[in-house]
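Since the structure comes first, as structure tokens, the remarks are kept for the end.
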Amino acid sequence: MEEQFVWMTTRRIAPGVLGEFERAWRPDSPPQGMSRAFAYWSQDGQEVIGVSFWESREACDAWRTSEAETRRRAAMAPYIAEEREGFYLGRELTLPVR
């Protein structure tokens, strides 16, 4: 199985600001080295989980330390009450045949 490089961020946001947060959250252009990205929202709209897949740890680190990401994080900051993030290695699981 192919090993994947994954960056995950969980953010708790203030009540009633999901729309503003979403506008601030989206990067101006796709980060170099990112192959896929997903976002998941809690039903109450106060927690957002971002999952992004990267070509390498170095590509992810380059984005995280970029000027564009610094600006994006500053734009999101007023809406974030709590944030957790981490970098992981993983692979797709094969499900048993039924």
Side-chain angles (χ1 to χ4, degrees):
M1 295 246 162
E2 178 184 332
E3 195 166 72
Q4 298 177 345
F5 303 96
V6 181
W7 181 255
M8 292 181 61
T9 306
T10 302
R11 294 180 175 99
R12 179 153 297 280
I13 59 174
V17 298
L18 182 59
E20 294 90 337
F21 172 79
E22 286 180 312
R23 283 187 288 282
W25 189 30
R26 298 185 188 277
D28 294 332
S29 61
Q32 188 168 357
M34 180 192 286
S35 59
R36 296 169 61 191
F38 297 87
Y40 304 95
W41 291 264
S42 62
Q43 285 187 322
D44 65 5
Q46 290 188 278
E47 188 170 78
V48 179
I49 299 172
V51 181
S52 55
F53 294 82
W54 296 84
E55 294 172 0
S56 67
R57 171 78 190 236
E58 294 77 21
C60 182
D61 288 345
W63 166 252
R64 291 185 57 238
T65 59
S66 71
E67 191 174 310
E69 175 64 349
T70 300
R71 284 191 309 272
R72 188 179 79 95
R73 284 181 178 260
M76 289 187 294
Y79 312 111
I80 297 173
E82 180 185 346
E83 181 176 79
R84 294 181 317 275
E85 50 188 40
F87 188 82
Y88 303 89
L89 296 177
R91 61 184 64 85
E92 184 177 357
L93 300 176
T94 302
L95 299 176
V97 178
R98 294 182 187 212

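Computed from heavy atoms alone, side chains included, the values below leave out hydrogens, waters and symmetry copies. Residues take their numbers from the sequence shown, with the count starting at 1. Keep in mind that this is a model prediction, so the values were computed, not measured.
Applying the 6.0 Å contact sphere to CG of Asp28 captures no more than 12 heavy atoms from other residues, nucleotides or ligands. Counting heavy atoms of neighbouring residues, nucleotides and ligands inside a 6.0 Å radius, atom CD of Glu82 exceeds 12 of them.
In terms of heavy-atom proximity, Ala24 sits nearest to Ala75 at CB-O, 3.5 Å. Heavy atoms only, all atoms of each residue included: Ser52 and Trp54 are closest at OG-NE1, 2.7 Å.
Atoms CZ and CG, from Arg57 and Leu89 in turn, are 8.5 Å apart once rounded to the nearest 0.5 Å. Distance check, rounded to the nearest 0.5 Å: CG of Asp61 to CD of Glu69 gives 11.5 Å. The distance from atom CD of Glu2 to atom CD of Glu92, rounded to the nearest 0.5 Å, is 9.5 Å.
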Can I get a per-line list of side-chain donor-acceptor pairs under 3.5 Å for residues 8-22, giving both atom names and the distance, sequence neighbours left out?
from, atom 1, to, atom 2, distance (Å)
Thr9, OG1, Trp7, NE1, 3.0
Arg11, NE, Glu83, OE2, 2.5
Arg11, NH2, Glu83, OE2, 3.2

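A single hydrophobic cluster is seen to contain both Ile80 and Trp41, as judged by linkage of ILVMFWY side chains at heavy-atom distances under 4.5 Å, directly or through other members. There is no path of hydrophobic side-chain contacts, each under 4.5 Å, that joins Phe38 to Trp25.
Here the side chains of Cys60 and Phe5 are not in contact, with every heavy-atom distance at 4.5 Å or above.
Among residues two or more places apart in sequence or in another chain, the side-chain contact (heavy atoms from CB on, under 4.5 Å) test is passed with Pro27 by Pro31, Trp63, Arg72. Scored by the side-chain contact (heavy atoms from CB on, under 4.5 Å) test, Gln43 finds no partners at all (sequence neighbours excluded).
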